[in-house]
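Counting starts at 1 for both ligands and their atoms, following the listed order.
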Amino acid sequence: MFSLKLKEFFICIFLCVISSLNASIPISLPTEYTPQAFDVIHYDATIDLRKGMSKQISGVCNIHFVWTQDPKDNNFYFHLRGLGVDSVFYQNNKVQFTLESVDTLDYSYYVLSNLEGKANDTVVVTVYYSGEATNEGGNSPFGGVFLLDSVLFANGVGFNNEYVSATQHWLPCYDHPSDKATFRFKFIHPKDFEVATNGIIEDSKIIDDTSKYIVASSKYPIATYLMTFAMGKFKKMTLDSWNMPPKITTVVYYLPKDEEAAKFAFNNFAKYYFTLQNAYGIYPFEKVGYVVVPFENGAMEHQTMITFPQSYVQMLYKNNDTNNIMALHELSHQWFGNSVSPLDFRDAWFNESFATFSESLYLERIIGKESYFKDMLVKKNYYINYVAKKEGLLPLYNYSRKPPSSNYPSTIYVKGAVVIGMLRYQLGDETFFDLIRNYLDNFAYQSRSTNDFLNFSIAYTAQNLYWFFQQWIFQSGYPFLEIRTTQYVNNSNKSSALVSIRQVQPESYGKYVNIPVELNFQLPNGKSFDTVVTLAGEEGTFWFDSLPAFVSFNTNLGRKVISLFTSTVYTSVEHLPEEPEQMTFIQTDDKIILKNKDEHQTIRFALFDLLGNKLKEGKIDFGQTFHTIDISELQNGIYFLLINDSNLWHKYKVVKTK
Ligand SMILES: [Zn+2]
């Protein structure tokens, strides 16, 4: 009995080990990339939209992929949501499929297992599908398929769903940003409609009295969440006045009623294009496209066919506003997100931070640096005063997606833009833009993680930037600074200032190093003395000599950098008696500051109480501009400091009150 049980036990262990060794690779989750046994290389799909203004669609999608591992123990996965799978073929043979889902997540996908073949085989799965297309639903849906005001269109990401990538609402595909592939789409549609989509139209034909088709493709790979189509009674324009390079196709689709507004809204397009190209390198695709749709909830940067809200176009037109910042933002995604795509959606901050940073950069390039800082200041204040309160403290990387957050919380836009601005300040313009251009160039048309960006940045700049990523990108929160400025004015109306800065944020806001703190001294002549100090640790004291007496003091106004912190500023003025020639003596609550005009001199000092007891003595070597004597541990009372300077003893009264 016992031995038999033991035998069964060993058989079980043996089988368990075998089966765990052979467990197939799980599918990548939206926020957790897992390398797969397959690599999709091409989608070739025919989508039938002949039902017209209806969400009834049908189609067939050929998914070409390479087995990167032996398929024997592995699965092929694809997504399709809302629509039904009619049949699936593998290498032209009908195969079984199962629909599975993750227990903890609204994430379902189709599984094909036990497929024939071997590693490195290129194979094709064909999916026939049909039904009524849906979108993510909820209060203000963004991702999926919409039919609004006689326009049928698709957005590739959702704001409030758990599966994020929403192309699965109209196309069977491995709907994960880690696996980019080329595509060829054939849309069959009613004759009186136009279809806008990604890539270049390589063929279009009238089929019969009622229908026609277009075929579009691209040699550049695309992440599935960047695929789109829009069908409506569109007109289109290509503006010669854009002066685009001849190899770039340009097109804007719009409804006839939006014609004037669209022409107005995209009139400055060339400025956006060339500003971004100058900053980030050659435009990475063969076409720039926009399609103006009756959608209120925002724009989406689909690759070479940006879906753009009609209401925004009309608003610009009505307000005579020639800066189409939204068009610029979406265009910058062609570099950030479309050429270099996220490995999974934890990396979405990279897309939005750089696109939002690009808005400020554009203002700098066409108006001036002041406009850049002004815009950054607005973004910083908006983050601290509104977004952080509404969404809670989120890191840029791997943030919570639960309400009040979402898949695209405002944090990754505005906090992200300020953080990229700080990275620019940290590295300096030349290194920063070199780094970004080289990163985009190195990883063009690939999917990359935040760690890839971190590692590349460190390697390229040869600077340790780990702390920067850690505190601004991986960690949530921001510093609160208490800034105390004391101005010392002497009889000759010269002034000096002591600035003490301390981090006072609650622990949950994190700890920070190397915070750039811009100090703005308003001078009597109307000018401002602006300088940036680096708060290396929890606190720091900075001494400024020979300032004209300043009338007010401020911080983080954005003359040299906008830094992500909030501050409380205390200022005070003290009038000093005439000092001995060589020495400046200043006392604060907890220290005495000695400033010697000859930096290489050595002096002696001694501190006495009123009874003549020597409490401290020492030698000071003025190797630096000033020296401090700590008096924080002294009781309240009156003391005397004697300083031997050039063989003369000077006596100073020290009043400790706190
Ligand atoms: Zn964006």
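Here Tyr272 and Tyr362 bring their ring centres to under 6.0 angstrom of each other. Aromatic rings of Phe443 and Phe453 (six-membered ring for Trp) have centroids beyond the 6.0 Å cut-off, not under it.
Shown here are the protein N/O/S atoms lying under 2.8 Å from the Zn ion (ligand 1), water excluded: His329 NE2, His333 NE2, Glu352 OE1.
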inquiry  = Under the criterion side-chain contact (heavy atoms from CB on, under 4.5 Å), I'd like the reasoning laid out for Tyr225 against Met300: C-alpha separation, chi angles, the key distance, then a yes or no.
reply    = CA-CA 10 Å; Tyr225 81 93; Met300 178 64 202; 3.8 Å; yes
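By the ring-ring contact (aromatic ring centres under 6.0 Å, His included) test, Phe295 is found to be paired with Phe142, Phe146, Phe153, residues two or more places apart in sequence or in another chain being considered.
In summary, of the residues considered (Glu136, Arg401, Glu162), a side-chain hydrogen bond (donor to acceptor under 3.5 Å, both in side chains) with Asn407 occurs for Arg401 alone.
For the pair Lys180 (side chain) and Ala223 (backbone), a donor-acceptor distance under 3.5 Å is absent.
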